[in-house]
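Encoded as structure tokens, the structure appears first; notes follow it.
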Amino acid sequence: MARPKTAAASLLSLSALPLALSQFVQGPANLTKTEGYYNLTVRYKEVASEICELTPGVKSYSGYVDVAPQQSVFWWFFEARNVDPEEAPLTVWINGGPGSSSMIGLFEEIGPCWISEEGAVEYNEFAWNNVSNMLFVDHPAQVGFSYSDPVPGYVDANMGNIIALPNATCPDYALDMGTCGTYSSPNVSNTANTTEGAAPSMWKTLQGFMGAFPEYSANGVHFATESYGGHYGPIFNEYFLTQNELIQEDKLPGAHEIDLQSVMIGNGWYDPRIQYQAFYWFTVSPGNTYDYRPYNSSVESMIYNALYGPGNCYDQSIDCNNRGENALCEVADTFCYNNVESVLGRYAGRSEYDIRELVPDPFPYGYWRDYLNSAKIQQALGAFVNYTGDGGSTVGSAFGNTGDDDRESGTVAASRSLADQGVYTVHFAGDSDFICNWAGIEVVMDHIDAPGYSEAGYVNISTSDAIVHGQVKQSDNVAFARIYESGHEVPFYQPLVALEMFERVVSGFDVATGERRVAKGEGFKTVGTPKSTYREGNATVQFEVVPEGSTYNTTTNEPDLPAGDGTEAAAKSKRGLSGRSTKMLSRRANQQVSRPVRLPRF
Ligand SMILES: *[C@@H]1O[C@H](CO)[C@@H](O)[C@H](O)[C@H]1NC(C)=O
Ligand SMILES: *[C@@H]1O[C@H](CO)[C@@H](O)[C@H](O)[C@H]1NC(C)=O
Ligand SMILES: *[C@@H]1O[C@H](CO)[C@@H](O)[C@H](O)[C@H]1NC(C)=O
Ligand SMILES: *[C@@H]1O[C@H](CO)[C@@H](O)[C@H](O)[C@H]1NC(C)=O
Ligand SMILES: *[C@@H]1O[C@H](CO)[C@@H](O)[C@H](O)[C@H]1NC(C)=O
Ligand SMILES: *[C@@H]1O[C@H](CO)[C@@H](O)[C@H](O)[C@H]1NC(C)=O
Ligand SMILES: *[C@@H]1O[C@H](CO)[C@@H](O)[C@H](O)[C@H]1NC(C)=O
Ligand SMILES: *[C@@H]1O[C@H](CO)[C@@H](O)[C@H](O)[C@H]1NC(C)=O
Ligand SMILES: *[C@@H]1O[C@H](CO)[C@@H](O)[C@H](O)[C@H]1NC(C)=O
Ligand SMILES: *[C@@H]1O[C@H](CO)[C@@H](O)[C@H](O)[C@H]1NC(C)=O
Ligand SMILES: *[C@@H]1O[C@H](CO)[C@@H](O)[C@H](O)[C@H]1NC(C)=O
């Protein structure tokens, strides 16, 4: 397809703009408009190399698929680095939330670059586009750079939601908060509010992209996600397969089949009836492999009661899933979150995303958020709105109103069904994550009950560095991998095993060795122990807040303290709080602690 080269953007310099206007997004000039499959409008541009993928000649595009009036879904694509992009498979990545931007996965986990504390673009040698074309999608509408109507507004500093302004002038109260910008008009009608309801817009986004760039999806499609992706992954992909059938019956003119090969889900949230219990299993009994118990016995029995006491979390979640009413599910989920889940932060001061760390946790680094809110980057990406990680929580609220988080939503049956239809399904979990911990996911795997899975055992995963980073239990095209010394975002903490596992999966090989081709119904099983018994112990558990600016050392699995003002400050901060910058801390704290909205399963 002839694709006009985009002229290098002639950027307006900030100083040329009136001060008031400089807060707001100018809106992109010169997006190329084309039609994808299924008559979907796609608007995009080529992204210059220095923005993220630093490898010369490896192309990147970003843009929007207009999936509905007032629903434009942002995507960012990178060609494969080491394979001819027209010979490589396509992998779609989405984060969870609900309402979390996939820029999290791009900049903290598997994208071609990461952003340093100084705002520099750094090359990620463990990027997943080493082996596959990669498409990152901000989904559903209003998440990240996706939008409904772009309007001038600000984000309320306390509640975190978007407030529209009458015009593009930033009033004093919003100037003080420093959050003036252009945002999606916060309307819960212009996005999805359930997992099932979000599937069609994801499918349309792929129809749009695949139609605009057919050369990048000619070699199979893979779908990778995490966290709330335990909901999204099974349900969306099951929907894709159903759509494929309709296409075969000529019922969706203009649409193209998605040649789905694999689904990978990291630290997924599938069944709240199991996974709310797992908060207790992981922290109290039988506990975790870090020999770390965060609570005293009084708090332990409080959680036990909040979970199993009559009419409490477990009963409410059963009720929600039996009766399915929005109000029941919303109340149940809020109850469970407040009394069973968020207790970890409240009583132990620990991160739900990594039990080894106290809050505020500087890992993974969040410097990319400021990067995405510069006019230069917005122009380079063709963005219409300022970047918000969670769409000013509009999408979170929309899903909150239906209590989707407390619904199992058919995720277990869909996971099984994908496997039965021959899709390679790989579930994996960093084993220090609490929010979607592996104690719960192991039980979810038993419920999925894929053929042969219960007779398989755990074996070590081999990697090119000859260090054992985890174990896997696999039966044919279904696997569960436990990754050691890893919080919620596995590729950040354990980039090598994550990439090698990904490469094995997209090429159809077993997770443990990458040497055996796997397929449904062949009778391949890993032969090992019924339980994964390796224990890390508490050597990497931190008992002081790790200062902002520290780096995560993937060799020691411990923080390397910020360099700069010498060993004195570093030694101080190792002992206590005196070395850290309060400004940085409060910025982080705003994101993770004091905001009254719940922590997303991102
Ligand atoms: C947009 O395209 C026009 C004509 O193709 C060109 O003159 C202009 O410089 C471009 N603007 C930007 C910002 O790239
Ligand atoms: C989509 O476009 C095709 C032509 O490319 C046209 O025949 C068809 O009617 C259109 N469908 C819809 C739903 O607009
Ligand atoms: C990823 O690809 C780059 C470029 O070819 C290469 O330098 C790098 O070593 C690869 N990463 C890994 C972990 O093999
Ligand atoms: C923008 O709205 C504010 C508040 O309503 C008003 O005071 C101001 O005059 C408006 N500015 C412009 C340029 O219209
Ligand atoms: C929104 O983006 C503009 C650049 O287009 C930037 O100047 C402004 O600071 C951003 N707002 C926020 C709150 O980041
Ligand atoms: C929200 O969007 C819906 C559908 O686009 C529209 O009908 C409604 O008027 C909007 N609500 C507000 C408050 O703007
Ligand atoms: C660390 O683990 C050891 C046993 O390996 C245990 O005795 C000790 O109490 C643990 N420390 C903490 C703070 O949990
Ligand atoms: C247990 O921990 C909680 C929260 O830190 C504290 O309020 C309470 O006093 C402790 N109880 C006992 C018996 O130590
Ligand atoms: C969820 O969205 C559907 C479809 O837009 C709408 O009919 C329903 O009222 C919404 N539910 C809630 C609780 O907001
Ligand atoms: C598996 O790895 C562990 C280290 O985590 C090692 O002690 C053990 O010997 C390995 N097992 C096999 C069968 O290689
Ligand atoms: C990580 O720790 C190891 C062992 O202490 C050290 O040799 C290495 O330099 C550290 N890595 C980085 C990137 O600092």
Side-chain angles (χ1 to χ4, degrees), residues 66-73 114 116-117 120 122-126 140-142 146-153 161-166 183-193 197-198 200-201 279-280 283-284 292-306 338-350 355-356 358-359 362-365 385 391-395 397-398 401 465-467 469 484-486 492-496 539-540 542-543 545-547 549-564 566-567 570-571 573-574 593:
D66 300 326
V67 298
Q70 279 141 342
Q71 294 194 37
S72 294
V73 175
W114 56 280
S116 74
E117 192 173 3
E122 307 278 353
Y123 181 81
N124 180 11
E125 63 170 308
F126 300 103
Q142 304 188 49
S146 294
Y147 65 91
S148 50
D149 291 312
V151 296
N161 50 318
I162 293 162
I163 315 282
L165 287 165
Y183 297 102
S184 262
S185 173
N187 183 335
V188 292
S189 300
N190 293 326
T191 187
N193 63 14
S201 55
F279 292 125
Y280 183 81
T283 49
V284 183
Y292 176 66
R293 287 178 79 141
Y295 311 124
N296 63 27
S297 59
S298 161
V299 173
E300 287 180 351
S301 37
M302 181 184 82
I303 299 170
Y304 185 87
N305 177 61
N338 288 342
N339 298 293
V340 176
E341 179 178 342
S342 66
V343 180
L344 185 73
R346 215 158 58 244
Y347 287 94
R350 289 210 167 255
I355 198 157
R356 299 171 302 171
L358 294 161
V359 284
F363 308 131
Y365 327 119
V385 288
S393 61
T394 308
V395 176
S397 303
N401 292 341
D465 62 355
I467 295 169
H469 295 288
Y484 305 153
E485 299 281 8
S486 173
F492 171 81
Y493 302 96
Q494 296 300 341
L496 182 77
T540 59
Q542 304 301 310
F543 295 95
V545 172
V546 174
S550 302
T551 49
Y552 185 85
N553 186 317
T554 55
T555 304
T556 59
N557 296 303
E558 290 209 77
D560 282 338
L561 297 170
T567 47
S573 46
K574 184 134 201 163
V593 189

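Atoms within each ligand, like the ligands themselves, are counted from 1 in listed order. What you see is a predicted model; the values in this text were computed from it and never measured.
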inquiry  = I'd like to know if the side chain of R346 reaches the main chain of N338, judged simply by a donor and an acceptor atom lying under 3.5 Å from each other, with no hydrogens or angles considered.
reply    = yes

ask   = Is there any N or O on T556 that sits under 3.5 Å from an N or O of ligand 11?
value = no

query = Centroid-to-centroid, Y552 to Y365, below 6.0 Å?
reply = no

ask   = Got more than 12 heavy atoms from elsewhere within 6.0 Å of OH, Y295?
value = yes

key: Ligand-side contact atoms (ligand 6) for residue partner Q70, heavy atom cut-off under 4.0 Å   = 5 (O)

ask   = N/O to N/O below 3.5 Å, does that happen between T555 and ligand 11?
value = no

Nearest non-hydrogen partners of S189 and N187, listed with the distance = N-OD1, 2.8 Å

message = Using a 3.5 Å cut-off on N or O atoms only, is S298 in polar contact with ligand 8?
response = no

inquiry  = Checking a contact table here: which protein heavy atom is nearest atom 10 (C) of ligand 8, and how many Å away?
reply    = N296 ND2, 2.4 Å

task = Mark yes or no for whether R350, through its side chain, and L344, through its backbone, hold a donor-acceptor pair below 3.5 Å.
result = no

ask   = Side chains of Q71 and S201: donor-acceptor distance under 3.5 Å anywhere?
value = no

ask   = What's the shortest distance from atom 7 (O) of ligand 8 to any protein heavy atom, and which residue and atom give it?
value = Y347 CE2, 4.8 Å

query = Counting distance only, does the side-chain N/O of Q142 pair as donor-acceptor with the main-chain N or O of S148 below 3.5 Å?
reply = no

remark   = Counting from 1 in the order shown, the ligand 6 atoms closer than 4.0 Å to a non-hydrogen atom of N190 are 2 (O), 4 (C), 5 (O)

query = Is atom 13 (C) of ligand 6 less than 4.0 angstrom from at least one protein heavy atom?
reply = no

ask   = Under 3.5 Å, is there a donor-acceptor pair between the side chain of Q494 and the main chain of F492?
value = no

query = Quick one: nearest non-hydrogen protein atom to atom 9 (O) of ligand 11, plus distance?
reply = N553 ND2, 4.8 Å

task = Answer yes or no for atom 5 (O) of ligand 6: protein heavy atom present at a distance under 4.0 Å?
result = yes

query = Can you tell me which residue and heavy atom of the protein come closest to atom 2 (O) of ligand 6, and the distance to 0.1 Å?
reply = N187 ND2, 2.3 Å

